[in-house]
**Student:** 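Got a structure here, written out as structure tokens. Questions coming.
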Amino acid sequence: RDKMAAVEIKNLSFQYALSKSPALHDVSCCIEEGEFVLLFGASGSGKTTLLSLLKPEIAPAGSKSGSIRLFGNEEEAFDFVGYVSQNQDAQMVADTVYRELSFGLENTELDEGRIRRRIAETADYFGLNEILDKKIHELSGGQKQVCNLCAALCLSPKLLLLDEPIARLDPIAAESFLAVLRRIHQQTGITILLSEHRTESLLCDCDRVLFLENGSLSFDGDAPAFCDYLSENHPLLAPSLPESAQI
């Protein structure tokens, strides 16, 4: 079947209640179902604001204009959006891995038996069976972030948003997390929008790159074109590119 638009953003502007300038200005883009899109930009460029506006439950307070449609629906009508933040501790709400995975499911209409099966399937897929009964505080940073990812995926989202998910992980844990993310995308075809500064392991996997600059979308294209664009227009950010692209 033909792919539909997962995310349609038209002329989106947003300004926080106590801010004197907009965090986003006239942003328009379209992400197709099943795409893996990298959201890039310097700190303060509006990446976190944009991602949070796509998740109605955590959308910030402020004045907004323009429109957002998710899979053809206005954002308020669409519930199945998974979200993983860079602060793995702040996102966790339970004391054990099992309870963390079950927390979101218990707020759905699934009965207890189906919840247990869903958790078992997810834990088996991610190799979490050995730590299901562990206390959250006993986990490494990488394990916590994978747990957050699993908790989001337990709810079977169509769209997965990740806000710099490897920012607080060491290089080995970061690469392990991204490997899990690649496998999810390849095997499920879920739509992914991920913001990140470190592009070394991501540019080869992503279908497109969106570049935010001072709240405006200044680039929307594939990875090779993005490398050329950044090198020519933003030499100070060019070191963020993989070494092969810099050479």
Side-chain angles (χ1 to χ4, degrees), residues 4-17 19 22-25 27-41 43-94 100-108 122 144-168 177 181 184-185 188-196 206 208 210 212 215 217:
M4 70 182 300
V7 180
E8 292 178 275
I9 300 173
K10 292 183 179 178
N11 308 116
L12 178 64
S13 295
F14 180 83
Q15 185 166 331
Y16 287 94
S19 176
L24 295 173
H25 177 68
V27 173
S28 296
C29 66
C30 182
I31 298 173
E32 286 189 358
E33 186 178 11
E35 278 195 304
F36 190 140
V37 178
L38 172 63
L39 181 61
F40 186 82
S43 295
S45 60
K47 302 189 301 299
T48 296
T49 302
L50 178 59
L51 289 175
S52 60
L53 288 172
L54 296 176
K55 177 74 171 169
E57 298 90 333
I58 62 170
S63 58
K64 185 183 76 170
S65 62
S67 66
I68 301 172
R69 293 178 70 84
L70 303 176
F71 296 90
N73 299 310
E74 292 295 332
E75 72 268 31
E76 291 83 1
F78 190 75
D79 299 323
F80 300 110
V81 179
Y83 188 92
V84 178
S85 72
Q86 62 175 283
N87 188 341
Q88 54 263 43
D89 291 310
Q91 191 167 344
M92 294 183 143
V93 295
E100 186 68 33
L101 298 185
S102 66
F103 178 79
L105 292 170
E106 289 169 353
N107 294 314
T108 67
T122 305
K144 288 178 181 178
Q145 202 62 312
V146 171
C147 183
N148 281 329
L149 179 60
C150 290
L153 292 172
C154 271
L155 296 170
S156 301
K158 285 185 171 183
L159 172 65
L160 182 60
L161 309 173
L162 302 105
D163 186 11
E164 299 189 19
I166 60 174
R168 303 189 180 193
F177 180 86
L181 199 60
I184 292 167
H185 184 249
T188 69
I190 188 173
T191 307
I192 295 176
L193 177 58
L194 178 149
S195 73
E196 185 52 53
C206 67
R208 278 167 55 214
L210 304 178
L212 279 176
L217 186 64

**Student:** Is there a side-chain contact between Ser65 and Ser13 (heavy atoms, below 4.5 Å)?
**Tutor:**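 Yes, close enough: below the 4.5 Å cut-off.
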**Student:** Between Leu210 and Leu38, is there a side-chain heavy-atom distance shorter than 4.5 Å?
**Tutor:**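 Of all side-chain heavy-atom pairs linking Leu210 with Leu38, none is under 4.5 Å.
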**Student:** Might you work through the side-chain contact (heavy atoms from CB on, under 4.5 Å) test for Ile68 and Leu53, ending with a clear yes or no?
**Tutor:** CA-CA 9 Å; Ile68 301 172; Leu53 288 172; 4.1 Å; yes
**Student:** With rounding to the nearest 0.5 Å, note down the distance linking CD1 in Ile190 to CZ in Phe80.
**Tutor:** 12.0 Å
**Student:** So Pro165 and Gln86, do their side chains get closer than 4.5 Å, heavy atoms only?
**Tutor:**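 Not in contact.
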**Student:** Does any non-hydrogen side-chain atom of Leu149 lie less than 4.5 Å from one of Phe177?
**Tutor:** yes
**Student:** Do the side chains of Leu193 and Leu51 get nearer than 4.5 Å, heavy atoms only?
**Tutor:** yes
**Student:** Any chance you could measure Ser195, atom OG, to Leu162, atom CG, to the nearest 0.5 Å?
**Tutor:**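 Answer rounded to 0.5 Å: 8.0 Å.
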**Student:** Sub-3.5 Å donor-acceptor pair from the side chain of Asn73 to the main-chain atoms of Arg69, do we have one?
**Tutor:** no
**Student:** Under 3.5 Å, is there a donor-acceptor pair between the side chain of Thr191 and the main chain of Ala6?
**Tutor:** no
**Student:** Where do Gly34 and His185 come nearest, in terms of heavy atoms and distance?
**Tutor:** O-NE2, 2.8 Å
**Student:** Give the minimum heavy-atom separation between Phe71 and Lys158, together with the two atoms involved.
**Tutor:** CZ-CB, 3.5 Å
**Student:** Can you tell me how far apart CG (Leu155) and SG (Cys150) are? Round to the nearest 0.5 Å.
**Tutor:** 11.5 Å
**Student:** Are side-chain heavy atoms of Tyr16 and Thr49 found at a separation under 4.5 Å?
**Tutor:** yes
**Student:** If you look at every heavy atom in Leu105 and Leu101, which pair is closest and at what distance?
**Tutor:**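 Minimum heavy-atom separation between Leu105 and Leu101: CD1-O, 3.8 Å.
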**Student:** Does the Glu100 side chain pair with the main chain of Val93, one donor and one acceptor, at a distance under 3.5 Å?
**Tutor:**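 Side chain of Glu100 to backbone of Val93, a donor-acceptor pair under 3.5 Å: yes, one is there.
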**Student:** I want to check a possible cation-pi pair here: Lys47 against Phe40, using under 6.0 Å from ring centre and within 45° of the ring axis as the test.
**Tutor:** no
**Student:** Do Val27 and Phe14 come close enough that some side-chain heavy atom pair is under 4.5 Å?
**Tutor:**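 Of all side-chain heavy-atom pairs linking Phe14 with Val27, none is under 4.5 Å.
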**Student:** Taking Lys55 for its side chain and Val81 for its backbone only, find out whether a donor-acceptor pair lies under 3.5 Å.
**Tutor:** yes
**Student:** Quick one: does Leu39's side chain get under 4.5 Å of Leu50's, heavy atoms only?
**Tutor:**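 Answer yes - side chains close enough.
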**Student:** side-chain hydrogen bond (donor to acceptor under 3.5 Å, both in side chains) with Ser85: which of Gln91, Gln145, Glu164?
**Tutor:**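 The passing option is Gln91.
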**Student:** Say whether, by atom type as modelled, one donor and one acceptor occur between the side chain of Gln15 and the main chain of Ser19 under 3.5 angstrom.
**Tutor:** yes
**Student:** Once you round to the nearest 0.5 Å, how far does CG of Leu181 lie from CG of Leu160?
**Tutor:**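 Taking CG in Leu181 and CG in Leu160, the distance rounds to 6.5 Å.
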**Student:** Check step by step if side-chain contact (heavy atoms from CB on, under 4.5 Å) holds for Leu194 and Val37.
**Tutor:** CA-CA 6 Å; Leu194 178 149; Val37 178; over 6 Å; no
**Student:** When rounded to the nearest 0.5 angstrom, what is the spacing between CD in Glu32 and CD in Glu8?
**Tutor:**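 It comes to 10.5 Å.
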**Student:** Nearest 0.5 Å, what's the CD1-CD distance between Ile192 and Glu35?
**Tutor:** 11.5 Å
**Student:** Looking at Pro157 and Ala152, what are the two nearest heavy atoms and their distance?
**Tutor:**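 The pair with the smallest heavy-atom distance is CD-O, 3.3 Å.
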**Student:** Is a side-chain N or O of Asp163 found less than 3.5 angstrom from the main chain of Thr48, in a donor-acceptor match?
**Tutor:** no
